[in-house]
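Atoms considered below: every heavy atom in the structure, side chains included; atoms not considered: hydrogens, waters and symmetry mates.
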Amino acid sequence: MGTQTELNANQRTLDVDLGPLLDYPDLGQFLKRVEGIMIKELNKNWKSHAFDGYEVNWEEQHEQVTCLHSLQYPDALEQQLQVTSVSWNSTGSIIACSYGRFGDGDWSTEKSYVCTWNLDRRGFNANNPDTVLDVPSSVMCLAWHPSQPSLIAGGLFNGDVLVWDTSRTDDPLIGRTGHVGDTHTDAVYQVGWMQEKSQGHRHQVFSVSSDGKILVWQMEKEGHLVLLDGFALVAQQIPSNTKIHKPGRGDTAVGVTCLSYSHFDPSLFIVGVEGGYLLKCSSSVQTLAPINMGSSVPLRAPAQFTFSPHGGPVYSVTCSPFHRNLFLSAGTDGHAHLYSMLQAKPLVSLQLSQKYLFSIRWSPVRPLVFAAASGDGEVVLVDFAKSFQKPSLCIKQTASGRPVYCLEFNHAQSQLLAAGDGTGTVKIWQLSSDFIEQRARETALLDEIASEVVG
């Protein structure tokens with residue numbers, strides 16, 4: 001309950017007089033001489049506004065971007081597989097990557113892998129992943145759960161969606177899509193976790209595919225992912241608010257390549273499609289899609305508004321975490337577009353590559369910064385605070401010029417950026433303080449950009 005030490009009566013205090021040792025006459029005279037000037041200066045500083053709004057940064061300053069790690073899995077290198085997706089877990093210490101192939105040919109029967117590395121683990125080895133998951137088909141996309149650090153979802157070339165729990169070493173696969181009528185009939189290009197609903201504790205995963213479907217799955221106890229909700233993009237239901245030639249026949253499914261949910265309205269999402277279009281969609285629509293795919297759940301038509309297209313298929317879209325109306329897109333035309341949700345034409349169009357752009361992501365900490373993965377083998381960093389015309393930095397990731405296919409900022413450790421490429425390598429880049437310290441008036445400038453009207 002408590003402790004008490006007894007006072008020892010025999011203890012003697014130090015009986016040495018330190019006074020003479022601490023008497024420095026010169027120091028006393030100096031202090032008396034400068035006291036008036038010091039007081040005057042301190043009073044001046046106290047009234048000054050020179051440092052108003054300045055926040056001290058105690059972090060170490062990094063002047064350039066450096067490569068911390070090059071991660072590889074020897075078996076995947078042997079098969080000459082490409083890194084198709086990267087994802088950081090919720091703690092920010094574990095990076096996962098999926099292996100597969102982009103390009104022509106039927107790769108659905110080729111074995112591939114999902115690998116994870118814990119960068120903070122003692123005994124970390126860049127060529128020896130902590131976890132290797134064998135997968136019977138090319139894995140096209142991955143997403144860690146936003147709060148549970150061992151749950152990861154993946155989408156396959158053959159249309160399946162899988163969920164693993166990496167804390168279960170014996171059998172990590174805990175969920176997969178099963179019902180034949182409900183599964184995607186084409187490659188899954190993106191998966192993600194739905195924002196947790198307060199009433200239910202079951203996890204929900206969304207998936208998008210070039211078969212034109214956006215599906216929402218719920219985890220059931222038997223290890224099945226059961227279809228809970230779904231949408232289908234059909235050519236005749238794409239709004240023709242702009243002078244856009246509608247792709248395909250009326251009832252033709254429009255292949256979905258990417259999706260990003262709004263950070264401010266959970267019912268709002270942007271999708272990119274193979275025809276180069278970007279569509280503003282709503283999950284609260286009730287209109288049914290005129291398509292019968294043998295689905296156990298009626299599929300709805302979510303498209304509300306069409307944006308001016310890219311010059312080719314859109315590969316990536318990302319909604320701003322700092323502004324409710326802004327989003328970025330990237331595609332095969334090598335351009336990054338910045339759009340407002342309220343206007344069809346892009347606010348900014350920036351050519352970042354002579355080849356494709358495969359991925360684009362907003363910085364989680366700098367409102368005006370984003371990164372893109374290019375077919376030239378570069379990771380491109382853009383800071384709108386510096387320029388709307390050119391990148392701030394181009395990092396050469398692959399010496400051979402093989403494409404960089406995917407990248408992700410680390411939300412827990414904002415100085416880290418992971419990028420995966422066509423050589424089968426994941427590189428972990430440490431960003432300079434330039435890219436992670438928010439500037440004065442940065443959000444105000446973002447508001448100004450968003451309020452511009454494009455003619």
Check the surroundings of atom [atom1] in [X]: do more than 12 heavy atoms from other residues, nucleotides or ligands lie under 6.0 Å from it?
X	atom1	answer
Lys396	NZ	yes
Glu448	CD	yes
Phe322	CZ	yes

I'd like to know if [X] pairs up with [Y] as an ion pair, taking the criterion as any Lys NZ or Arg NE/NH1/NH2 lying under 4.0 Å from an Asp or Glu carboxylate oxygen.
X	Y	result
Lys355	Glu378	no
Asp265	Arg324	no
Asp383	Arg439	yes

Can you confirm whether the side chains of [X] and [Y] place a donor and an acceptor under 3.5 Å from each other?
X	Y	value
Gln72	Thr425	yes
Thr84	Ser98	yes
Gln79	Tyr113	yes
Trp429	Gln397	yes
Arg168	Ser150	no

With no hydrogens and no angle check, is any side-chain donor or acceptor of [X] less than 3.5 Å from a backbone partner on [Y]?
X	Y	result
Asn89	Trp144	no
Ser260	Cys319	yes
Asp229	Val216	no
Gln413	Gly92	yes
Ser262	Phe269	no
Asp130	Asn118	yes
Ser282	Leu268	no
Ser112	Gly100	no
Thr177	Val161	yes

Stepwise side chain to side chain contact (heavy atoms under 4.5 Å, CB included) check, Ile395 with Leu381: CA-CA 8 Å; Ile395 310 163; Leu381 287 160; 3.9 Å; yes
Considering all heavy atoms of both residues, which atom of [X] and which atom of [Y] are nearest to each other, and what is their separation?
X	Y	answer
Leu357	Ala336	CD1-N, 3.8 Å
Arg300	Ser284	NH1-C, 4.0 Å
Tyr277	Val314	O-CG2, 3.8 Å

Aromatic contact, Phe206 with Tyr261 (centres under 6.0 Å):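 Under 6.0 Å, so yes.
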Validation row, ring centre Phe307 to ring centre His337 under 6.0 Å: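 Phe307 vs His337: aromatic centres not under 6.0 Å.
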Worked verdict on Trp88 versus Leu119 for side chain to side chain contact (heavy atoms under 4.5 Å, CB included): CA-CA 11 Å; Trp88 293 99; Leu119 304 184; 3.7 Å; yes
Close side-chain approach of Phe409 and Leu417, heavy atoms under 4.5 Å: yes
Within-4.5 Å side-chain heavy-atom neighbours: Phe358 and Pro403: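 They are in contact (side-chain heavy atoms under 4.5 Å apart), so the answer is yes.
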Chi angles and distances behind the side chain to side chain contact (heavy atoms under 4.5 Å, CB included) call for His310, Leu278: CA-CA 8 Å; His310 278 265; Leu278 290 141; 3.9 Å; yes
Option passing ring-ring contact (aromatic ring centres under 6.0 Å, His included) with Phe327 (candidates Trp362, Tyr339, Phe370):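 Per the ring-ring contact (aromatic ring centres under 6.0 Å, His included) rule, the option paired with Phe327 is Tyr339, out of Trp362, Tyr339, Phe370.
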